[in-house]
Amino acid sequence: MPRLKLNRFRVKEPPEEVKARYIREYPGRELHFAPETLPPISAEALFGVTAPLVLDLGCGRGEFLVQQAQAHPQRYFVGFEWHLKSVWDAANRAQAAGVDNVRLIKADLRLALLRVPDQAASDVFMLFPPPPLKPRKRRGDLLTEATLRQIHRVLLPDGVFHFVTDHADYFAEKRALIAESGLFEIAGESEAFEGGLTRFQRFWEGFAIPSRRLACRKRQ
Ligand SMILES: C[S@@+](CC[C@H](N)C(=O)[O-])C[C@H]1O[C@@H](n2cnc3c(N)ncnc32)[C@H](O)[C@@H]1O
């Protein structure tokens with residue numbers, strides 16, 4: 001089945017106070033040439049607390065992020081997303097839910113991860129990253145060895161990286177990358193119809209394509 005673009009949708013631009021509350025922009029130029037001029041992506045900087053973060057890499061429209069933030073009000077959630085309309089939609093969703101334990105980093109997550117301090121996160125989620133199906137798309141692959149090393153670096157000891165995709169070959173490729181890296185121990189693996197955690201999950205499971213999930217515990 002051809003992969004569809006699900007990022008064409010209407011969204012209302014959030015009011016300035018909602019943007020200021022939830023969205024932090026990390027422009028590519030600064031991230032590339034002068035990253036130290038941008039604030040660290042830490043619980044202290046984003047929430048004014050000392051606590052582990054939960055990161056959602058490529059959070060899309062923030063459904064999973066906001067739902068988790070509502071379910072776990074004592075935890076601190078940070079979504080990374082570069083598509084402006086998705087970031088706006090996620091901010092509107094957070095505002096509507098009335099949660100204050102969510103922030104959205106509008107950035108290329110592969111660069112923005114470099115601004116997350118070592119051992120800042122208890123969990124990192126990467127849910128339904130776009131599989132680079134054509135050779136020219138490989139540069140857009142979100143789960144490269146470099147990104148995997150960053151994920152390992154930002155996790156606390158015993159922290160968990162959660163990877164989910166609908167795509168069997170992509171799953172096999174990334175499972176091999178993770179196992180061969182020696183950075184993680186595979187703590188859980190499943191293939192199931194989990195139902196509705198994210199928009200993309202609902203979409204693919206609607207076509208009887210199961211979610212393939214890996215939970216990877218950080219090794220020292
Ligand atoms: C297939 S969607 C999945 C969204 C969400 N995780 C879900 O399951 O509904 C992938 C998301 O990753 C975002 N994305 C892709 N590459 C990115 C990058 N380099 N930096 C930040 N976001 C990226 C896309 O804009 C898109 O919203």
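The residues of the chain are indexed from 1 along the displayed sequence. All ligand and atom numbering here is 1-based and tracks the order in the structure.
Of all the listed residues (Phe80, Trp82, Phe64), Trp82 holds the heavy atom that lies closest to atom 16 (N) of ligand 1. Within the set Arg61, Glu63, Glu81, Gln201, the minimum heavy-atom distance to atom 11 (C) of ligand 1 is found for Glu81. The heavy atom nearest to atom 8 (O) of ligand 1, out of those in Asp141, Leu142, Thr198, is found in Thr198.
Checked by distance only, ligand 1 and Leu109 come closer than 3.5 Å through their nitrogen or oxygen atoms. By the 3.5 Å distance cut-off applied to N or O atoms, Ser86 is not counted among the residues near ligand 1. When only interatomic distances are considered, the shortest N/O to N/O separation between Gly58 and ligand 1 falls below 3.5 Å.
To the nearest 0.5 Å, atoms OH (Tyr22) and CG (Asn92) are separated by 10.0 Å.
Residue contact annotation: Ala107 has a non-hydrogen atom under 4.0 Å from ligand 1. Ligand 1 is approached by Arg110 to a heavy-atom distance shorter than 4.0 Å.
Counting non-hydrogen atoms of other residues, nucleotides and ligands closer than 6.0 Å to CZ of Arg149 gives a total of 12 or fewer.
Classification of the His83-Phe9 ring pair by plane angle, with boundaries at 30° and 60°, yields perpendicular.
Taking the charged nitrogens against the carboxylate oxygens, Glu13 and Lys19 do have a contact shorter than 4.0 Å, which makes a salt bridge.
Between the side chains of Tyr170 and Asp141, a donor-acceptor pair is found at a separation under 3.5 Å. Inspection of the Ser122 and Arg75 side chains reveals an N or O donor paired with an N or O acceptor under 3.5 Å. Of the N and O atoms on the side chains of Ser211 and Gln201, at least one donor lies less than 3.5 Å from an acceptor on the other residue.
Listed by number with element, the atoms of ligand 1 under 4.0 angstrom from any heavy atom of Pro130 are 10 (C). Taking a cut-off of under 4.0 Å to the non-hydrogen atoms of His83, the atoms of ligand 1 that pass are 25 (O).
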